[in-house]
Amino acid sequence: MTDEHSNGQTGASVETHNLRRVFRDPTGSEFIALDDVNLTIGSGKFVSIVGPSGCGKTTLLRIVMGLDEATSGSVAVRSEGADDTKSATARRSFVFQRPALLPWRTVQQNVTFGLDTRAGRKIHPDRTSRSNHLENLLELTGLTRFRDYYPAQISGGMQQRANLARALAVDPNILLMDEPFSALDAMTKERLQRELASIVSHLEATVLFVTHDIREAVFLSDRIAVMATDPGRVVKVVDVDAPTERDAAFQHSDILTEQARAIWAMLDEQKKDPFSE
Amino acid sequence: MPTSEPQGSTGSESISSGSDPVEGTLSVSIWRRSIRRVRVPRAVISIVVGLAIWEAVVRMFDISSFALVPPSEIVREFRVVIEQGLLWEHLQISLHSLILGLSLSALIAIPLGLAAGTFRAMREYTDPWILALYATPMVAFAPLIIISLGFGVQAKTAVVAFACFFPIVINTTAGVRAVDKDLIEVGTAFKASHWESFRWIALPGAAPFIFAGLRLAVGRGVVGLVVADLFGARAGLGLFLLQSSQSFNISRVFVAASVLAILGVTFTFLIAQIERRTLRWRPADD
């Protein structure tokens with residue numbers, strides 16, 4: 001149990017039932033961002049959601065987080081081992097697309113944001129456990145040297161690490177990530193992908209990762225949910241065949257390329273689908 | 001070009017942001033700070049050169065002393081005014097009114113602006129009044145205030161407070177509303193309470209706007225000082241200016257105007273200092 005604690009919480013399963021989200025613009029015309037989405041994500045899995053822009057992948061993530069509300073349907077997030085009555089305790093955490101760090105807080109203060117709130121203070125109630133937790137986290141995300149810098153003083157890659165560390169700080173059962181690497185240059189992006197893979201491999205938490213980068217999805221995920229647009233829906237869920245260690249070799253391997261190509265083909269097919277024309 | 005150019009312009013900041021994150025950004029901030037150091041003398045040079053040109057023009061073209069007096073003449077008059085102790089009472093009264101009026105105004109306008117920025121209903125109630133009163137020239141209200149509060153410090157303070165009020169309240173409201181929506185969502189995602197979100201996100205986010213409002217308020221407050229005196233006062237820099245002009249003492253009018261200018265600049269500078277200390281997190285601007 002103690003070991004589990006230092007590495008974050010157990011995972012949580014996510015189940016969506018007939019999830020539907022309709023946006024209405026000021027003129028009254030409707031856009032169906034999500035239509036009848038039924039997705040089951042097992043505890044401890046790393047699942048990516050890919051699809052063309054506008055397919056509702058971010059909307060899906062935001063609904064799971066509680067940042068947006070479904071028009072109809074439901075989401076059940078259940079932490080592992082908890083019975084139904086305790087399902088509400090599954091802790092969710094969000095990594096934003098833009099770093100969204102508070103500019104007036106240092107890196108360290110940003111990382112602890114979720115622990116500073118009245119709700120978050122219960123996570124690490126005693127001082128020593130909190131400070132150990134923080135040290136581990138800063139070490140894990142490579143932020144120790146930059147802890148006292150303000151966000152404006154560090155690079156975009158470092159800002160995203162802080163964004164991730166902030167999400168990990170609250171020991172989430174489920175980690176929701178919204179295209180966190182999309183604004184980074186190719187080199188930083190690949191490095192952070194490898195680091196994320198390594199960090200997540202030590203976690204029990206479930207990860208739901210939205211991206212438009214298919215190679216990234218293959219590299220990181222156990223499973224990939226492929227979505228289609230207009231109306232936004234999940235068309236296929238694919239299992240990824242990956243080695244136990246997701247390293248640079250895998251990142252540039254033919255196995256990865258092949259799987260990415262297969263998913264590309266799936267997306268291409270949708271474009272030809274008369275339904276979306 | 002010197003060989004040891006400072007490392008990292010804004011250009012190289014974005015280039016280095018990926019591969020070598022810190023070195024680039026660090027040297028940028030150091031470099032920017034050194035620019036700031038060079039800047040102060042430029043302001044001094046500008047003023048000295050400006051005054052020199054003024055002096056030269058007045059002397060060369062033999063301009064009537066009723067139209068324009070040279071800076072040297074103003075400095076001489078300044079000395080006379082100080083030696084005869086003509087300024088102190090006026091300065092004291094005006095300073096008193098400015099400090100009190102500005103503080104009073106900030107004390108009411110900042111909370112009101114924060115509330116109006118946070119609560120839509122509140123904003124819808126207050127906006128029409130604020131916008132209407134702001135659009136009305138201050139000169140229209142000053143006599144009313146003077147009539148009801150008399151020629152003393154209270155009236156002057158009230159006029160200053162009234163003048164300062166609008167830039168502060170309008171900027172504060174705008175500041176709260178301008179806080180990045182992503183940051184508000186951070187509060188929601190990490191389960192911050194409304195109060196925590198306000199204290200940790202909305203308030204610091206609005207702070208630069210609040211300071212901008214305060215700086216604008218100083219300018220308007222100084223105008224308020226003069227306007228109040230024009231409608232009746234027993235003492236004050238505005239009265240001193242009015243009396244000097246009525247006795248055609250042009251040099252002394254300039255002295256009064258200079259003191260008012262110095263007052264405004266000093267207060268603006270003080271607020272800028274507080275702002276810099278409070279908002280350390282802001283990247284140095286160039």
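The sequence lines fix the lettering, A, B, ..., with proteins before strands; numbering per chain opens at 1. All figures in this text were calculated on a predicted structure; none of them were measured in a lab.
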Most heavy-atom pairs under 4.5 angstrom with chain A, which of B:S193, B:A192, B:S197?
B:A192
If you count heavy-atom pairs under 4.5 Å with chain A, which of B:I201, B:L279, B:D180 comes out on top?
B:I201
Decide if atom [atom1] of [X] counts as having more than 12 heavy atoms of other residues, nucleotides or ligands within a radius under 6.0 Å.
X: A:K122; atom1: NZ; result: no
X: A:R118; atom1: CZ; result: no
X: B:Q273; atom1: CD; result: yes
X: A:E139; atom1: CD; result: no
X: B:Y125; atom1: OH; result: no
X: B:R177; atom1: CZ; result: no
X: A:K45; atom1: NZ; result: no
X: B:F269; atom1: CZ; result: no

Among A:R105, A:R98, A:Q97, A:Q159, which has the most heavy-atom pairs under 4.5 Å with chain B?
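With the most close heavy-atom pairs to chain B, the winner is A:R98.
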Minimum heavy-atom separation for [X] to [Y], with atom names?
X: A:D116; Y: B:W200; answer: O-CH2, 3.3 Å
X: B:A189; Y: A:M65; answer: O-CE, 3.2 Å
X: B:P204; Y: A:W104; answer: CG-NE1, 3.2 Å
X: A:A100; Y: B:D182; answer: CB-CB, 4.1 Å
X: A:S93; Y: B:F190; answer: OG-CE2, 3.6 Å

Chain B contact via [X] - which portion, at a heavy-atom distance below 4.5 Å:
X: A:L101; value: backbone
X: A:R161; value: neither
X: A:F96; value: side chain
X: A:R62; value: side chain

So, do B:V186 and A:R166 sit near enough that their side-chain heavy atoms are less than 4.5 Å apart?
yes
Is B:E185 in contact with chain A via its backbone, its side chain, both, or neither, using a 4.5 Å heavy-atom distance?
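Both backbone and side chain.
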Between the CH2 atom in B:W281 and the OG1 atom in A:T106, the distance rounded to the nearest 0.5 Å is 13.5 Å
